[in-house]
Structures are given as C-alpha cells and as structure tokens.
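Reading through the structure tokens given below for one structure.
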Amino acid sequence: KTLAEACRQNALPTESLASELNEVEQAGHRIHHFDSWQLDYLIDYIVHTHHYFVWVNLPVIKEYALKVSRQFGSRYPQTVKMHELVVQLTNEMERHMREEESVYFPYIRKISYAKKKGIKAQEAADRLIQTSIDEIHADHIYLGAIFKMIKVLATKYVPPENSGVTLNVYYQKLKNFQEDFYQHVHLENNILFPKALKLEQGLNAKYQQVDHN
C-alpha cells in the first residue's frame with residue numbers, strides 16, 4: 001500500500017506522518033535495506049529474527065492470556081474473549097510458520113541456488129510460488145483480523161486504570177507481538193515472495209526458451 005492509502009484506511013494524517021518518517025530517516029538510526037538483500041539471506045533474517053520471536057513469545061503470551069482471563073475475567077470480561085483469540089492466534093501462527101519453514105522457504109532457497117549456479121530448478125514451472133503467495137496472503141489477512149479484534153478488546157493496549165502489573169505486562173507483550181507481526185508480514189508480502197515469484201518466472205522463461213531451442 002502507498003503511504004496515502006494506509007493513512008486513509010487508518011484515519012491518520014498523511015503529511016504529519018510523512019514528516020515523522022523523514023525525521024527518523026535523518027536521525028541516523030540504522031535502517032536495513034531489505035530490498036537489496038539476497039533471498040536466502042532475507043529468509044535467514046525472517047527465521048532467526050521474526051520466527052524466533054514468535055516461537056519464544058507465543059507460549060508466554062498464551063500463558064498470560066489464560067492467567068489473566070482466570071484472574072480478571074469477572075472484572076474485565078473482555079479478557080476472556082482475548083484468551084480465546086490468543087489461542088486461535090497461537091494455533092494458526094504455529095501452523096503457518098511450520099509450512100513456511102518446511103515447504104515455502106526451502107523451495108525459495110532452491111530456486112535462489114539455481115539462479116546463482118545457472119542450473120534448472122527441479123520443480124515444475126510455476127508449481128509453488130504463486131499458490132504460496134495467495135495462501136500466505138490469506139493467512140496474513142486472517143491473522144491480522146485476529147490482531148485487530150484483540151487490539152479493540154484491549155482498548156489499543158491501554159490497560160484499565162489500576163489494573164495491576166500482570167495486566168500491564170500482558171497488554172505490553174500483545175502490543176510488541178503485533179508490531180513484530182506487521183514487520184514480519186511486510187518483509188514477506190512486499191519483498192520476499194514478490195522477488196521469489198519474479199526469480200522463478202525468470203528461471204522458467206530462460207529454460208523454456210532453452211527447451212524450445
């Protein structure tokens with residue numbers, strides 16, 4: 001999405017947000033230029049940064065969700081529904097990441113290697129990438145919808161006044177988790193999979209031309 005589209009959908013002022021982004025860029029903070037990375041390196045980054053973050057933090061958040069719902073459910077009924085959503089989120093994210101790590105990412109590594117070595121990938125033309133993109137986008141939309149429901153129930157992760165340390169920590173963990181999820185999704189939706197599709201199409205076109213000749 002363009003900045004204008006994202007701002008319009010989230011009722012944010014485009015000019016002030018653009019100004020803040022420029023300030024961050026000019027402040028000298030380290031910025032990764034993910035789009036220039038090779039695909040296998042980008043996959044390593046996603047797995048060791050974002051997937052690792054999820055595998056470590058998801059069980060903790062699930063435990064907090066259960067604890068909070070039991071301890072505060074009568075006082076704050078929304079925490080009971082939040083627990084149900086966290087369980088749903090946990091099951092879906094675990095399945096999603098296992099598929100990426102066991103099926104999609106190894107295939108991208110294979111065609112990336114084929115490109116570097118100038119050899120033909122063993123899989124049939126267009127067998128996986130486009131289907132993968134459609135399936136993964138659908139998963140990301142579904143997971144994003146769960147996060148949005150949790151955020152609404154959690155009043156944008158602002159805990160009730162005087163609710164105690166446990167609820168404050170729980171809400172902060174949920175907020176951090178959602179922020180990591182959006183960065184994770186950005187890297188896959190906007191960089192990794194589009195570049196993998198382009199790479200696969202290029203390899204297919206090259207070797208289809210060779211086969212015809």
Establish, yes or no, whether a centroid distance under 6.0 Å links the rings of Trp55 and Tyr52.
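Judged by ring-centre distance (under 6.0 Å), Trp55 and Tyr52 do not meet the cut-off.
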Please tell me if the side chains of [X] and [Y] come closer than 4.5 Å, counting only heavy atoms from C-beta onward.
{"X": "Leu192", "Y": "Phe105", "result": "yes"}
{"X": "Leu167", "Y": "Tyr76", "result": "yes"}
{"X": "Glu100", "Y": "His51", "result": "yes"}
{"X": "Tyr157", "Y": "Gln178", "result": "yes"}
{"X": "Tyr107", "Y": "Glu200", "result": "yes"}
{"X": "Thr155", "Y": "Val158", "result": "yes"}
{"X": "Thr166", "Y": "Tyr64", "result": "yes"}
{"X": "Ile46", "Y": "Leu42", "result": "yes"}

Can you measure from [atom1] ([X]) to [atom2] ([Y]) and round to the nearest 0.5 angstrom?
{"X": "Ile61", "Y": "Met93", "atom1": "CD1", "atom2": "CE", "result": "9.5 Å"}
{"X": "Thr79", "Y": "Arg70", "atom1": "OG1", "atom2": "CZ", "result": "12.0 Å"}
{"X": "Gln38", "Y": "Ile43", "atom1": "CD", "atom2": "CD1", "result": "11.5 Å"}

Restricting to non-hydrogen atoms, name the atom on [X] and the atom on [Y] that form the minimum distance, rounded to 0.1 Å.
{"X": "His83", "Y": "Tyr170", "answer": "N-OH, 4.4 Å"}
{"X": "Ile136", "Y": "Glu188", "answer": "CG2-OE1, 4.1 Å"}
{"X": "Phe72", "Y": "Ser163", "answer": "CE2-O, 3.5 Å"}
{"X": "Val54", "Y": "Pro59", "answer": "O-CD, 4.1 Å"}

Under 3.5 Å donor-acceptor, [X] side chain and [Y] backbone:
{"X": "Ser112", "Y": "Ile108", "answer": "no"}
{"X": "Gln9", "Y": "Ala6", "answer": "no"}
{"X": "Ser69", "Y": "Ala65", "answer": "yes"}
{"X": "Lys81", "Y": "Ile150", "answer": "no"}

Could you label the plane-to-plane angle of the His50 and His184 rings as parallel, tilted or perpendicular, counting under 30° as parallel and over 60° as perpendicular?
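Geometry flag for His184 against His50: parallel rings.
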Distance only, no hydrogens: is a donor on one side chain within 3.5 Å (strictly under) of an acceptor on the other, for [X] and [Y]?
{"X": "His96", "Y": "Glu92", "answer": "no"}
{"X": "Asn176", "Y": "Gln172", "answer": "yes"}
{"X": "Asp44", "Y": "His48", "answer": "no"}

Counting heavy atoms not belonging to Glu5, are there more than 12 under 6.0 Å from its CD?
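Yes - once you tally the heavy atoms of other residues, nucleotides and ligands closer than 6.0 Å, there are more than 12.
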Can [Y] be reached from [X] by stepping across I, L, V, M, F, W or Y side chains whose heavy atoms are under 4.5 Å apart?
{"X": "Ile191", "Y": "Phe193", "value": "yes"}
{"X": "Tyr182", "Y": "Met149", "value": "yes"}
{"X": "Met97", "Y": "Leu187", "value": "no"}
{"X": "Val80", "Y": "Val87", "value": "no"}

Under a 4.0 Å N-O cut-off, is there an ion pair linking Lys67 with Glu63?
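Glu63 and Lys67: not salt-bridged.
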